[in-house]
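Report on one structure; see the data block that follows.
Reckoned from all heavy atoms, side chains included, excluding hydrogens, waters and symmetry mates. As the structure lists them, so they are numbered: ligands from 1, and atoms in each ligand from 1.
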Amino acid sequence: MIVDVDTGIDDSLALLYLLAHPRAEILSIASTAGNVPVDQVAANNLAWLDLCKAGDIEVTLGAQTPLLAPLMTTEDTHGPQGIGYAELPVSQRKLSNRNATNAWVELVRERPGQITGLVTGPLTNLAMAIRIEPALPRLLQRLVVMGGAFHHPGNTTPTSEWNIAVDPEAAAEVFAAFAGLPADRLPIVCPLDITETMEMRPDHIARLAERAGSSPAEVIADHHAPTTRSAASNPVIRHFSDAVRFYMEFHRDHDQGFLAHMHDPFAAAVALDPSIVTCRVATVDVELAGTLTRGTTVADWRGMWGREPNAAIATTTDPVRFFDDLIDRVGGMAERLY
Ligand code: RIB
Ligand code: CA
């Protein structure tokens with residue numbers, strides 16, 4: 001897999017899940033500017049690899065800014081460093097000598113038809129890679145994208161989702177590049193419609209800590225002061241709990257409840273097993289010029305535009321099964337590591 005992230009709290013759990021999963025072979029982690037600036041994204045990626053005692057997995061630095069739009073970040077959602085209240089030790093690992101775009105291009109050329117790409121951030125670096133290697137969509141085995149919103153409100157503007165809204169031009173170029181692939185090779189798109197049903201609640205964190213054999217019981221509560229920090233004996237649980245509590249407070253403060261939408265770990269689970277979703281094929285494009293709607297994904301489900309389909313949009317899944325698997329995998333890894 002090539003994993004392209006804007007780490008971020010939910011990106012962090014996606015990385016933990018992939019590091020914990022026996023079927024995931026991470027060839028490269030691309031850092032893309034989004035939730036926080038790209039240098040911070042890269043530092044977060046390196047630090048999570050340290051915490052998980054991961055092997056020598058390549059982490060690349062991506063573009064500082066989107067293709068055209070000025071960089072937009074969201075520290076109010078993910079915290080000043082993008083990992084909520086967590087404070088991870090600074091890693092001594094070195095970033096790759098090649099940048100994210102070149103890693104995409106070189107890896108798909110080296111391993112044609114073998115790599116699944118997972119993007120849980122803006123599509124800037126993937127779009128730049130496709131500009132260099134137009135055959136990239138056919139050289140990938142599959143692409144999974146967390147992004148967009150179709151029959152669902154946006155989380156960045158009333159109609160746009162963050163990963164697309166940060167770099168709409170990149171998203172438009174990526175979707176266009178995948179037009180005409182066979183239905184089973186089209187990008188699987190995980191939009192807010194489905195990812196906002198992945199509601200992580202305090203009970204999930206308690207179960208995660210228990211699965212990891214961490215003590216004491218991990219309790220995240222709505223009334224806890226912002227200065228509260230986890231006392232979990234297991235470092236993976238402790239740091240992720242501190243990260244996700246910031247995200248739960250953000251959702252609470254935006255009237256969504258004391259919970260956290262686990263967009264990116266869900267997309268990671270789809271990348272490892274597409275059978276956990278049902279999809280509908282469509283032609284997706286991105287509004288670029290709308291004064292109110294720039295960054296909005298539009299799906300033509302019925303061929304009104306007369307254009308080839310370019311996406312398989314995930315429409316249904318089983319959230320309970322997803323969380324059971326996530327908790328078992330990440331909790332099990334945490335227990336093995338510490
Ligand atoms: O809209 C949700 C997406 O935007 C997630 O990937 C989150 O991490 C942010 O990147
Ligand atoms: Ca993300």
Nearest heavy-atom neighbours spanning [X] and [Y]:
X: V236; Y: L51; value: CA-CD2, 3.8 Å
X: A232; Y: I237; value: CB-CG2, 3.8 Å
X: A33; Y: L71; value: CB-CD1, 3.7 Å

Q: Taking atom types as modelled, find out whether T74 and T77 have a side-chain donor-acceptor pair closer than 3.5 angstrom.
A: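 Side-chain D/A pair, T74 to T77: present.
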
Q: Examine F258 together with H251 and report whether their ring centres are nearer than 6.0 Å.
A: no

Q. When the ring centroid of H78 is compared with that of W162, is the distance short of 6.0 Å?
A. no

(Q) Within less than 3.0 Å, report the number of protein N/O/S atoms around the Ca ion (ligand 2). (A) 5

Q: Would you check ligand 1 and list the protein residues that come within less than 4.0 Å of it by any heavy atom, ordered by chain and number?
A: D6, D10, D11, N35, H78, T120, M146, N155, E161, W162, N163, L192, H263, D264

Q. Which value, rounded to the nearest 0.5 Å, describes the distance between N35 atom CG and D6 atom CG?
A.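 One gets 3.5 Å once the value is rounded to the nearest 0.5 Å.
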
Q | Cluster companions of M304 among Ile, Leu, Val, Met, Phe, Trp, Tyr (side-chain spacing under 4.5 Å) | A | none

Q.
According to side-chain contact (heavy atoms from CB on, under 4.5 Å), who are the partners of E308, at least two apart in sequence or on a separate chain?
A.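 Here the qualifying residues are A179.
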
